[in-house]
J.: 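Could you have a look at this structure, given as structure tokens, before my questions?
Position 1 is the first residue of the sequence; numbering continues from there.
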Amino acid sequence: MAHVVNTPDGYMNMDELDDVEAAGLLSQMIGLMRLSITAGGFSEEDVLFLISNWEKVGEMLRSSTYHLVIRGVWVMGAPDNTTGQKTSKALLDQLSNLLRHAGDADAQMHSIVFNDTQDMMRTFVYEFRQQLKRRDADRAKLFDSRLQHQMTMRRLP
């Protein structure tokens, strides 16, 4: 049964509302990715922002408990980037592809695109953490601590 809410423009299916909100978050992520790629790299804050928004997108497009399922993977290994592109560029392409399919009626295609984007997000975060460890072990520990704190704060929906 669809959840219906009253909006200023009339009634909207709650699933459609989630798609609209997810599209807004994806657009923010895409904008940050473009800016950071142009600037030559990502800060720890950028990556934490991307993780936080990705978890919210997952809650809207998958389930309200998505953040509980995904939170452990941020500190684990990740699939290799086999695209032949820099991981940041591959993630940008995947996010853009997911945005194009956000309201897709084809559930199978939507699921495939979401899973591919999730894998690239995991790879991006893993590679960022590895590069940070090579550059500055203390900053990497601080980043991991901040990431752990962010995951803990998201426990309660």
Side-chain angles (χ1 to χ4, degrees), residues 14-104 109-157:
M14 186 62 126
D15 295 334
E16 293 172 6
L17 185 60
D18 282 349
D19 288 345
V20 169
E21 289 181 37
L25 291 171
L26 287 166
S27 293
Q28 289 177 17
M29 293 173 73
I30 290 166
L32 176 65
M33 292 290 299
R34 287 184 178 141
L35 284 172
S36 296
I37 289 170
T38 301
F42 295 82
S43 70
E44 290 93 349
E45 289 75 22
D46 293 341
V47 176
L48 291 171
F49 175 84
L50 290 169
I51 290 169
S52 178
N53 274 11
W54 177 253
E55 289 178 350
K56 292 173 188 172
V57 167
E59 289 172 1
M60 291 172 199
L61 299 181
R62 282 290 167 92
S63 79
S64 62
T65 58
Y66 178 79
H67 68 283
L68 298 173
V69 174
I70 195 73
R71 76 169 139 194
V73 304
W74 302 127
V75 293
M76 295 170 35
D80 289 333
N81 175 4
T82 58
T83 65
Q85 298 177 299
K86 284 188 72 170
T87 302
S88 57
K89 175 67 172 107
L91 176 58
L92 175 59
D93 290 348
Q94 281 299 136
L95 289 167
S96 297
N97 193 28
L98 182 59
L99 180 58
R100 280 191 298 277
H101 291 279
D104 228 335
M109 174 57 75
H110 184 271
S111 182
I112 290 168
V113 173
F114 183 92
N115 289 341
D116 289 347
T117 307
Q118 175 180 270
D119 286 347
M120 191 54 63
M121 183 71 186
R122 288 177 50 207
T123 301
F124 174 80
V125 171
Y126 176 76
E127 288 182 7
F128 177 83
R129 290 177 61 243
Q130 295 307 306
Q131 290 172 6
L132 191 57
K133 284 179 188 176
R134 285 192 293 275
R135 284 194 318 257
D136 187 334
D138 291 334
R139 274 183 62 194
K141 287 178 187 175
L142 179 60
F143 176 78
D144 284 348
S145 174
R146 291 177 65 197
L147 177 56
Q148 188 66 39
H149 177 74
Q150 180 171 304
M151 289 186 300
T152 302
M153 295 307 292
R154 294 272 307 146
R155 275 193 185 156
L156 301 175

J.: How long is the straight-line distance from CG of Leu26 back to CZ of Arg100, given to the nearest 0.5 Å?
T.: 11.5 Å

J.: Mind running side chain to side chain donor-acceptor pair (under 3.5 Å) on Gln118 and Tyr66 for me, showing each step along the way?
T.: CA-CA 12 Å; Gln118 175 180 270; Tyr66 178 79; 2.4 Å; yes

J.: Quick one: closest heavy-atom pair of Ala140 and Lys133, and the distance?
T.: CB-CG, 3.5 Å

J.: Compare all side-chain heavy atoms of Leu25 with those of Met60 and state whether any distance is below 4.5 angstrom.
T.: yes

J.: Which atom pair, heavy atoms only, marks the closest approach of Ala90 to Gln85?
T.: CA-OE1, 3.3 Å

J.: About how many Å separate CD of Gln150 and OG of Ser145, when rounded to the nearest 0.5 Å?
T.: 11.5 Å

J.: Given the rule in the side chain to side chain donor-acceptor pair (under 3.5 Å) test, do Glu59 and Ser64 qualify, once you have shown the distances and angles that lead to the verdict?
T.: CA-CA 4 Å; Glu59 289 172 1; Ser64 62; over 6 Å; no

J.: Mind checking whether Ser111 and Arg62 have side chains closer than 4.5 Å, heavy atoms only?
T.: yes

J.: For Phe124 and Phe42, take the angle between the two ring planes, folded into 0 to 90°, and tell me which bin it lands in: parallel under 30, tilted 30 to 60, perpendicular over 60.
T.: perpendicular

J.: Taking atom CG of Leu98 and atom CG of Asn115, what is their separation to the nearest 0.5 Å?
T.: 10.0 Å

J.: Checking Arg146 now: which residues fulfil side-chain hydrogen bond (donor to acceptor under 3.5 Å, both in side chains) with it, not counting sequence neighbours?
T.: Glu45

J.: Kindly give the heavy-atom pair with the smallest separation between Leu99 and Ser27, and that separation in Å.
T.: CD2-OG, 3.7 Å

J.: Please assess Leu92 against Met29 for the test side-chain contact (heavy atoms from CB on, under 4.5 Å), listing each intermediate value before the final yes or no.
T.: CA-CA 8 Å; Leu92 175 59; Met29 293 173 73; over 6 Å; no

J.: If the condition is ring pair (Phe, Tyr, Trp, His ring centres under 6.0 Å), which residues does Phe49 pass it with, not counting sequence neighbours?
T.: none

J.: Check Leu132 against Glu44 and note the closest heavy-atom contact, atom names and distance.
T.: CD1-OE2, 3.5 Å

J.: Applying the side-chain contact (heavy atoms from CB on, under 4.5 Å) criterion to Val125, which one of Thr87, Ile51, Val73 satisfies it?
T.: Ile51

J.: If you round to the nearest 0.5 Å, how far is CE of Met120 from CG of Asp93?
T.: 9.0 Å

J.: Rounded to the nearest 0.5 Å, what separation is found between the OG1 atom of Thr117 and the CD atom of Gln94?
T.: 4.5 Å

J.: Is there a donor-acceptor pair under 3.5 Å between the side chain of Glu55 and the backbone N or O of Ile70?
T.: no

J.: Taking all heavy atoms of Leu50 and all of Met33, pick out the closest pair and write down the distance.
T.: CD1-SD, 3.6 Å

J.: Between Asp144 and Lys141, does any NZ, NE, NH1 or NH2 come within less than 4.0 Å of an OD or OE carboxylate oxygen?
T.: no

J.: To the nearest 0.5 Å, what is the distance between CG (Asp116) and OG1 (Thr83)?
T.: 11.5 Å

J.: Kindly give the heavy-atom pair with the smallest separation between Ser96 and Arg34, and that separation in Å.
T.: OG-NH2, 4.4 Å

J.: Counting only N and O atoms by type, is there a donor-acceptor contact under 3.5 Å from the side chain of Thr123 to the main-chain atoms of Asp119?
T.: yes

J.: Any sub-3.5 Å donor-acceptor pair from Asp46's side-chain atoms to Ser43's backbone N or O?
T.: yes

